[in-house]
Amino acid sequence: MTSTPYQHAPDPPWIFRTYAGHSTAEKSNALYRANLAKGQTGLSVAFDLPTQTGYDPDHILARGEVGKVGVPISHLGDMRQLFSEIPLEKMNTSMTINAPAAWLLAMYVALADEQGADRKLLQGTTQNDLIKEYLSRGTYIFPPGPSLRLIGDMIAWCYLEVPKWNPMNVCSYHLQEAGATPEQELAFALATAISVLDTVKAGGQVPDEDFEIVASRISFFVNAGVRFVTELCKMRSFTKLWDQILLERYGVQDPKARRFRYGVQVNSLGLTEQQPENNVYRILIEALAVTLSKDARCRALQLPAWNEALGLPRPFDQQWSLRLQQVLAYETDLLEYEDLFDGSHVVEAKVAELSKGALAQLDLIDQMGGAASAIDYMKSELVTSNAKRVRAVETGEMTVVGVNRWTDTEASPLSAGESAIETVDPRLEAEVVARIKAWREARDAAAVEAALADLKAAAREGRNVMEPSIAAAKAGVTTGEWSGALREVFGEYRGPTGVAVVVSTGEAEDVEAVKREVERVSEMLGRTLTYLVGKPGLDGHSNGAEQIATRARACGMEVVYDGIRSTPEEIVRRAKESRAHVVGLSILSGSHLDLVQEVIRVMRAEGLGHIPVVAGGIIPPEDALILKQMGVARIYTPKDFKITQIMGDVVKLVEATALTEA
């Protein structure tokens with residue numbers, strides 16, 4: 001290869017990551033070391049829902065959720081096992097953790113101290129974006145004010161103590177999963193970053209002369225969808241807008257400090273249960289959108305496995321995604337060229353269009369007082385945008401290959417057999433609970449009490465919580481205890497559902513037909529058909545539940561939906577209060593067997609066993625059979641994408657139940 005103005009020696013590739021973690025710290029450690037041996041160059045830790053929401057595995061809300069969507073990390077001993085034989089000062093670690101981000105970083109630093117590592121060499125990222133948790137993912141704990149304060153504490157502490165660490169990763173990934181348009185994804189993410197920088201400025205912990213350093217450590221974590229040109233232009237728009245914001249709003253002069261530094265997980269929402277082998281092509285196209293453009297190339301990339309719409313991927317599936325990255329980086333000549341799109345009038349026009357739309361949204365959010373004050377507005381906008389996207393797939397306006405077009409298919413040998421996905425041993429939870437009880441018994445109770453007292457005092461007094469958190473980790477404090485201490489000081493938060501307003505479906509014929517059936521059956525029942533939509537457990541993926549609730553309301557039903565994170569007892573109490581005719585349970589965390597069984601048990605104990613129960617989520621066929629044996633009347637999975645048809649089915653179910661009861 002000869003050097004020219006447009007070609008050069010290959011640039012270093014981005015960091016190769018796989019989002020991974022499940023079962024136990026020991027099993028996840030074995031998976032990490034295996035992936036690193038295969039050529040992965042960084043770690044991306046997936047935590048289970050109890051860890052993400054600040055509960056220990058023996059808490060009542062953790063029931064059925066332990067180790068399902070990630071690894072349970074309850075104390076320093078778990079962190080020690082998770083990174084066994086992995087020297088932290090040589091590793092680049094991304095941790096997808098938000099509400100308890102300060103705590104997980106504290107345990108990571110405590111372990112690094114234990115390993116004898118130099119804190120200044122630690123590299124990695126804590127996601128730590130609470131605004132998007134309120135909007136789309138649901139693993140929040142504290143109200144917006146205290147949450148931003150904790151982020152500010154981490155930023156102020158990290159730039160001095162662990163200067164190579166990114167303390168905050170503005171995450172637009174879940175915004176797109178929740179239905180955000182490209183303009184909304186740009187605007188809502190940038191509004192979040194602005195709110196964080198404003199919090200740091202107002203906090204007084206960072207001198208003005210160091211603000212540029214802090215601004216340079218803010219990173220982003222974005223989504224890349226299958227609309228290749230739009231996604232590529234979105235990333236170029238992100239780089240331009242972030243540079244503009246840091247220069248004009250905050251006066252950051254160093255161009256290097258204004259670089260848009262981002263990692264990517266390509267779109268999991270677009271992965272299909274039908275013909276899942278097509279997902280391999282989708283993942284590759286989405287990876288190209290964030291790697292082809294040198295001036296807007298990602299710093300780290302993690303790809304989902306082709307079969308994530310079916311369940312937990314196996315080590316082979318994760319390896320396949322890693323190999324895709326390696327082929328792209330090392331076998332092609334992609335990294336040898338200057339930006340391929342400079343001077344393209346098409347790309348420049350699309351970037352300008354997206355930037356204009358994003359700036360208009362940013363101005364509106366500014367007028368509302370910033371991102372923290374605009375949460376209700378942004379949430380309702382996302383639900384509305386997602387409803388339009390779902391409707392476009394239903395009607396065929398948006399083509400999804402194998403879903404709403406070309407649905408005839410050969411049987412796939414890739415997804416056949418019982419071992420097509422990874423499964424978590426149902427005995428795991430009892431083992432993890434036993435271990436945390438043993439941990440509590442073995443530690444110094446007085447040291448724990450003193451550490452928690454100092455943590456609460458720091459929170460009340462406005463002191464930075466990072467050093468008290470590290471001391472708490474070393475004393476043996478657990479995740480639930482750390483979060484519980486701050487719950488006492490800061491309180492808890494319940495986010496908006498975004499489904500208060502009926503989203504117009506354009507008076508579509510199918511909706512009108514179901515609406516007439518709802519009116520007819522409601523007259524037979526003597527009151528409006530009432531549909532209770534529940535999210536039991538800790539699963540914060542609420543998109544499906546929100547769309548079901550929105551469409552049910554559009555079809556004329558009385559809808560009861562209180563949002564995420566309900567206990568089975570709370571769901572049954574609401575069903576009783578509202579005199580629900582049908583209960584729908586939405587669970588995407590893999591905990592459907594445990595949680596549905598408990599809801600049905602409590603319903604029967606309360607004399608509500610006659611009310612039909614329907615369930616939705618990523619439910620393998622063998623689990624669907626078990627749920628039906630439990631008494632679940634209908635089961636809907638991602639392949640059931642026509643929501644209005646689901647509504648019609650639910651109306652027929654309610655009518656049949658009423659006639660049987662009569």
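All of these numbers come straight from a predicted model, not from anything done at the bench.
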Has Asn386 got a side-chain atom pairing as donor or acceptor with Leu382's backbone, closer than 3.5 angstrom? no
Do Arg261 and Asn166 pass the side chain to side chain donor-acceptor pair (under 3.5 Å) test, and can you show the C-alpha distance, the side-chain angles, and the key distance before you say yes or no? CA-CA 10 Å; Arg261 301 159 59 253; Asn166 300 318; 2.8 Å; yes
Please determine whether a side-chain nitrogen of the Lys or Arg among Arg574 and Glu577 lies less than 4.0 Å from a carboxylate oxygen of the Asp or Glu. yes
Ring pair (Phe, Tyr, Trp, His ring centres under 6.0 Å) contacts in which one or both residues fall within residues 431-468, not counting sequence neighbours: His75-Trp439
Check: Glu133/Tyr493 side-chain N/O donor and acceptor closer than 3.5 Å: no
Any donor-acceptor N/O pair, Tyr262 side chain to Val170 backbone, under 3.5 Å: no
Look at Glu598 together with Arg601 and state whether they make a salt bridge at an N to O cut-off of under 4.0 Å. yes
Asp48 side-chain N/O to Thr51 backbone N/O, donor-acceptor pair under 3.5 Å: yes
Step through it carefully: locate the ring centre of Phe220, locate the ring centre of Trp242, and say whether they are under 6.0 Å apart. yes
For the pair Gln318 and Thr18, evaluate side chain to side chain donor-acceptor pair (under 3.5 Å) and give the outcome as yes or no after the intermediate values. CA-CA 7 Å; Gln318 294 190 337; Thr18 304; 5.4 Å; no
How many angstroms lie between atom OG1 of Thr96 and atom CD of Gln302, to the nearest 0.5 angstrom? 6.0 Å
Euclidean distance, Gln40 CD relative to Tyr32 OH, rounded to 0.5 Å: 9.5 Å
Any Val109 side-chain heavy atom under 4.5 Å of Glu161 side chain: no
Nearest heavy-atom contact between Leu455 and Ala485 is CD2-CB, 4.1 Å
Does the distance from a Lys or Arg side-chain N to an Asp or Glu carboxylate O, for Asp56 and Arg440, drop under 4.0 Å? yes
Could you walk me through whether Phe188 and Leu362 pass the side chain to side chain contact (heavy atoms under 4.5 Å, CB included) check? CA-CA 7 Å; Phe188 295 179; Leu362 268 175; over 6 Å; no
Is there a side chain to side chain donor-acceptor pair (under 3.5 Å) between Tyr140 and Asn98 once you walk through the steps? CA-CA 7 Å; Tyr140 51 78; Asn98 293 284; over 6 Å; no
Can Lys201 be said to sit on top of Phe211's aromatic six-ring, NZ or CZ under 6.0 Å from centre and within 45° of the ring axis? yes
Below 4.0 angstrom, N of the basic side chain to O of the carboxylate: do Asp58 and Lys437 qualify? no
So, Glu185 versus Asn223: side-chain donor-acceptor pair below 3.5 Å or not? no
When every non-hydrogen atom of Thr126 is compared with those of Pro167, the smallest separation belongs to OG1-O, 3.1 Å
Under a 3.5 Å threshold, yes or no: a donor from one side chain and an acceptor from the other, between Asn92 and Arg17? yes
Holding to side-chain contact (heavy atoms from CB on, under 4.5 Å), I want the full list of residues that pass it with Asp454, two or more places apart in sequence or in another chain. Arg463, Pro468
What distance do Gln52 atom CD and Ser483 atom OG have between them, rounded to the nearest 0.5 Å? 12.0 Å
Does a side-chain heavy-atom distance below 4.5 Å link Ile375 with Pro144? yes
Can Ser136 and Tyr173 be counted as having a side-chain donor-acceptor contact under 3.5 angstrom? no
Closest heavy-atom contact between Ile365 and Ala374? CG2-CB, 4.1 Å
Are the side chain of Thr478 and the backbone N or O of Glu481 linked by a donor-acceptor pair below 3.5 Å? yes
Is the shortest heavy-atom distance from the side chain of Asp623 to the side chain of His592 under 4.5 Å? yes
One thing to verify: whether Asp198 and Arg249 come together as a salt bridge, which I'm taking to mean a side-chain N less than 4.0 angstrom from a carboxylate O. yes
Taking C-beta and beyond as the side chain, do Lys120 and Lys164 meet within less than 4.5 Å on heavy atoms? no
Contact between Met107 and Ile470 at the side-chain level, heavy atoms closer than 4.5 Å - yes or no? no
Ignoring hydrogens and geometry, is there a side-chain-to-backbone donor-acceptor pair from Ser172 to Leu175 under 3.5 Å? no
Tell me, with the steps shown, if Thr125 and Trp165 meet side chain to side chain donor-acceptor pair (under 3.5 Å). CA-CA 6 Å; Thr125 302; Trp165 192 270; over 6 Å; no
Would you indicate whether the side-chain heavy atoms of Val196 and Ile218 approach each other to under 4.5 Å? yes
Should we count NZ of Lys474 as having more than 12 external heavy atoms under 6.0 Å? yes
Using modelled atom types only, decide if a donor and an acceptor are shared between the side chain of Glu570 and the backbone of Thr567 within a distance under 3.5 Å. yes
Heavy-atom closest pair, residues Ile194 and Tyr250: O-OH, 3.2 Å
If we ignore angles and hydrogens, is there a donor and acceptor under 3.5 Å between the side chains of Lys90 and Gln123? no
For Lys535, is there an ion pair with Glu546 - N to carboxylate O distance below 4.0 angstrom? no
Measure the CD-CD1 distance between Glu431 and Ile436 for me, rounded to the nearest 0.5 Å. 14.5 Å
In terms of heavy-atom contacts, Thr93 and Met91 come closest through OG1-CG, 3.3 Å
Looking at Tyr55, I'd like to know if the NZ or CZ of Arg487 sits under 6.0 Å from its six-membered ring centre while staying within 45 degrees of the ring's axis. yes
Which heavy-atom pair separates Ala459 from Val489 by the least distance, and what is that distance? CB-CG1, 3.9 Å
Flag, side chain of Thr199 to backbone of Ser195, donor-acceptor distance under 3.5 Å: yes
Flag for Gln205-Trp157: side-chain donor and acceptor within less than 3.5 Å: no
Does a side-chain N-to-carboxylate-O contact under 4.0 Å join Glu26 and Arg435? yes
For the residue pair Ile587 and Pro536, establish whether any side-chain heavy-atom pair is separated by less than 4.5 Å. yes
Side-chain contact test, heavy atoms from C-beta onward, threshold under 4.5 Å: evaluate it for Leu43 versus Met95 and give yes or no. no
Checking the side chain of Asp129 only, and the main-chain atoms of Cys171 only, is there a donor and an acceptor separated by less than 3.5 Å? yes
Measuring from atom CG of Asn169 to atom OG of Ser219, what distance do you get when rounded to the nearest 0.5 angstrom? 3.5 Å
Donor-acceptor contact present, side-chain Asn128 to main-chain Ala101, <3.5 Å: no
Could you state the interatomic distance from CD1 (Ile73) to OG (Ser28), rounded to the nearest 0.5 Å? 7.0 Å
Is the distance between the ring centroids of Tyr108 and Trp103 under 6.0 Å? no
May I ask you to decide whether Asp562 forms a salt bridge with Arg494, counting only side-chain N to carboxylate O separations under 4.0 Å? no
